[in-house]
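Quantities reported herein were computed from a predicted structural model and do not represent experimental measurements. Numbered from 1 within each chain, the chains take letters A, B, ... in sequence-line order.
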Amino acid sequence: MMTKTVAVIGGGPAGMEASKELAFNGFQVVLLESGARLGGHMNQWDRLFPNKRPAGEILESLYRNFPGSITVMTETNITSIGRNADRFILRTAGRDVIEADALLVCTGFRVFDAILKEEYGYGIYDNVITSVDLEQWFKEKRPVLTSHGRVPATVGFIHCVGSRDEKSGNLHCSKVCCVTAVKQAVELKEKLPEARIFCFYMDLRMFGLGYEELYKESQEKYRIQFIRGRLSEAFENMDGSLMAKVEDTLTAKPLRINLDLLVLMVGFLPSDGTAAIGSLLGLTFNPNGFLQPRDGHLQPHDTEQQGVFLAGSCKGPKNLEETLADARSAVLRIRQYLTN
Amino acid sequence: MYYIDYDPFVLPFTLGVLALLVMLFWKFFQWWDKLQPEDRIVIRTGLRSGKLLAILKEVFLESLIHRRMWKQNPLQGYMHMTFAFGWFMLILIGNVESRIHSGVEFNMPYYPIFFKFFLDSNEGLPFSKSFTFIMDFFLLLVLSGLVLAMFKRVNAKLYGMKKPAKPEAIDRIALTALWFIFPLRLLAESFTSAVTGTGGFLTGNLGEFLSGWLPARLLAYPAWWSYSVALSVFFVCMPFTRYMHIPAEVLLIYLRHLGFKPSKTYDFFSVVEVNSCPSCGVCVESCQLKSSLGHGNIVPAYFLRGLKKDREDMQAVNECMLCGRCQQVCPVGIHVNDIRIQRRDLLNKQVVFNYPYLPPPDHQKADVVYFAGCMTHLTPGIKRSVENILKAAGIHYLFLDKEGGICCGRPLQIAGLWDSARQLVESNQRLIRQSGARLLLTSCPICLKVFREEYDLRIPVMHHSQYLVQLIEAELINVAFSSREVSYHDPCELGRGCGIFEEPRQLISRIAGLQEITAGREKSLCCGGSLGGLSLSFQERKRLASDALKQLLAGQPDLLITACPLCKKTFQPLSPVGVMDIAEFLYTAMEQKTRTAQPEVLINCNETVAVL
Amino acid sequence: MPRWGYKIHEDRQVIWEEGDFSLVERIRLAEPSLCLCISCGTCASGCTAAQFTDFSLRRVIIQLQRGRIEEVRQEIDRCMLCGKCILTCPRGVNTRHLVLCIRKELSGDVLY
Ligand code: SF4
Ligand code: SF4
Ligand code: SF4
Ligand code: SF4
Ligand code: SF4
């Protein structure tokens, strides 16, 4: 029997993990990535929740034992996907033609563009940053300072920016930003022991094992303040700090606070690749724009198109554990499909 | 010798006219009752006011010729003109003709209508040739309109409309009667002419032709009966149908010339306007609630008809966005937005909001007062750009609602809560006045409208798009032109609401290429975010916005520019291209973002700008 | 039921059975988005009226849903209907219309 080929689209954690497992299972693998390198969002991340493990460790493990037989094509954009009997024919912008017996879509997510939540002032006020910016600062070991070069005395984390917000066009919960906010708040407090740190939330969604523990630790050890109230808009003070007015819904009183730094917990959206590949293949999108598997419980990788499978966060917000597990389970499904 | 020509067939007509007159008097009496005493005096003395000529001229142009209808749609204008003008001339000339014939001052009312029946021959009748020709000519004119009208019912597309306003049962009866009147008159006169030879080029020839194969003498009498009955049916129905617009519009023109305007309450003038709507249907296709949501009942054609018949449609009152697109095309010029607000006022009669907590004014002074508006606080990009530009131009300004202010009152006003709004208006007015401002600047078209129309400020009030153009012209700021192509969305309240179409275009043309779109200027679409549409759901608003975006972005511009925080907020999450306010756009194009010129120069320039 | 010799003060608890739910039912018909509120407080946080007075639309909505009409009546007439909250509510509650409907019902104007 000829070796079957699987084209894996997207080289983030899901795509890498799946490619490795597919290769171990004896398949030919072509891994296509639109960016310059593999690893996806892991490349921008410093440490992971809930145990503050360095993201580099994960990347390292993904690269470890990476089979040389996998054809990796970076900076590759797929322009068309055709079909010839049971085989897929992929054409790229660089005029490469790739043939495959099965496709695994691992196109992942992007974060919400905080500029669209204009009332929070991202891109307008200097001391408003996003969770991604902050993580980048951590990664680059940049000191956390305000735009005027001062050490911030008060920092506010705003949950649900671009998630759970019909006005941003996204109804869904991004799932990971609550615990990310707590993680970043704790890390910040470690760096700035004098700072007072606040999380403004609607609901705290600590769904994973170890998350609630982190939340508890953040209260006990780091004295992070949790205020249940969603910000309507931020004002900039003369000194560049920000004035936030929220309703402290638990005391049912308006609360006014000056913050030196405002961190927006930007949500999880389907990546441009997810949208593009989904429409190239004619896949079903769920109302939030993520790809819809045939049956979320029983056929989580199958799609309406035979031979096209899904894995990772192109299907919706996932933490890293879920993403990797999903990739491995997709490999099992593909093996079953290709050997029968 | 004095005698009265009489035949029983004139009875239906005569009784019909009588019934019509009684109904008209009754209606008018009811309306009159709504009038303030001082307005009654104005109306009574109006006839002697010297405006009579102008009024008659407009009645002639609008009620008979239908000038505005011609402008909207020539074919429909012609149709309305033939009916109104043709019929009017038939009555007028018929009267003159019959009076010359009978030689008496007083004719029975039916006499001129059925003149040909009572006429044995044209002999000895002065100018009979000319009269018969003119009468036949006008009859032909009306008949040509009738053919078009019938055609319209069958094939409305020809008239540039997808569907005419759907008529109700009673309208249908009146319409049918109306359609029968003139063909029956034609037949009656032709048959009679075949016997008496009194017809002209139309009735005479047709009579001759028909008598060739029909018993004309026998058919003439039933034809006159039918003609009389058709007239009667029409007259009896008329006060209950859209044809009420004929007398109402004459009254409306009269009132408008006497200076009547829509007020804050549903009054005499409103009733006359409501009744002046002929259900022409011109407005039907302009409404986005119909095109995007399929809510066809909101448009004035149906909303006003409901009011006429005391069957108010609550959805039509509450859902309308007051975007003014329908009002813009209405050939009768009915102030539907005002009427809609007046109805809201009636439905909210017992609702009052109370603001005893409003703060007293403080004592900051400035030449230029900037009032961003509530919504603008949700678009800091706008207020930040305006501030930066003002600073760069060296303008001494006061940001009145820097950390949030009192609402301008317009949102309450359009919900029909003027009494509550007045409290806010007065508070803000005090604040602005005590600042000693010589110019009030705002970023919100909603505020602009109420500042201009309801505030007593005695200083110019400008939207930033107007002011920024002046700053450029006074060379207080310099801008660079870029090759970007943009499309501009006219916000409802700024464009149709305040008539500001040119300044934003002037401004944009200095910085980028401006694509003119079909739905621009007066025809601009509503973004869907309107505060007017009280009961619109968020999902409905989203659909309205996406449909509007499709048209705005048809030319694939690089950016969408608007001039209202609400429009920006509504479009932004749905637009595939960037959405910017005109102030932000200008700020990005400014060459020198900090001021270096001498302050003395500034003060002078400031004068020219601030004092307009 | 045993008597313990003391009585819980009324204001200390929401006694569900004592709530007046007729209002919320009528309002829900006129403005169905009422039930979408998640009490996040965004409306109250940016509220134009709340800058000057003790007013929270979030509180009004929750009191209404708990059937506590008196509390609703006490603060509802402070809203300026400015519409800021309609732009920020993450759940797409038609806040302005909701306030107007509540106000109409409480003052005896017919809703629909
Ligand atoms: S995880 Fe938390 S912050 Fe993120 S969207 Fe859900 S509730 Fe909001
Ligand atoms: S004002 Fe606008 S929304 Fe209202 S009926 Fe006219 S076109 Fe439709
Ligand atoms: S409101 Fe104006 S446009 Fe609409 S049907 Fe009446 S007259 Fe015609
Ligand atoms: S509409 Fe009323 S509740 Fe909403 S922000 Fe304005 S004043 Fe506050
Ligand atoms: S903003 Fe909306 S969801 Fe949040 S409390 Fe107000 S009405 Fe409820």
Is NZ or CZ of B:R340 both nearer than 6.0 Å to the six-membered ring centre of B:F303 and within 45° of the ring axis? yes
For C:L106, which atoms come within 4.5 Å of any heavy atom of chain B: side chain, backbone, both, or neither? neither
B:D581 and B:H464 side chains, donor-acceptor separation under 3.5 Å: yes
Can you find a side-chain donor-acceptor pair between B:Y370 and B:S443 that sits under 3.5 Å? yes
When the 4.5 angstrom heavy-atom criterion is applied to B:Q539 and chain C, the contacting part is neither
Contact part of C:C79 toward chain B, heavy-atom cut-off under 4.5 Å: side chain, backbone, both or neither? both
Can you confirm whether the side chains of B:D547 and B:Q288 place a donor and an acceptor under 3.5 Å from each other? no
Will you find, in the side chains of B:Q342 and B:T265, an N or O donor that is under 3.5 Å from an N or O acceptor? no
Contact part of C:R96 toward chain B, heavy-atom cut-off under 4.5 Å: side chain, backbone, both or neither? side chain
Pick one of side chain, backbone, both or neither for B:L536, based on which atoms fall under 4.5 Å of a heavy atom in chain C. backbone
Please walk me through it: do B:F371 and B:F451 pass ring pair (Phe, Tyr, Trp, His ring centres under 6.0 Å)? CA-CA 11 Å; B:F371 187 94; B:F451 283 157; 5.3 Å; yes
Give, as side chain, backbone, both or neither, the part of B:L424 having an atom under 4.5 angstrom from any heavy atom of chain C. side chain
Greatest number of non-hydrogen atom pairs under 4.5 angstrom with chain B, of C:C82, C:G92, C:A49, falls to C:C82
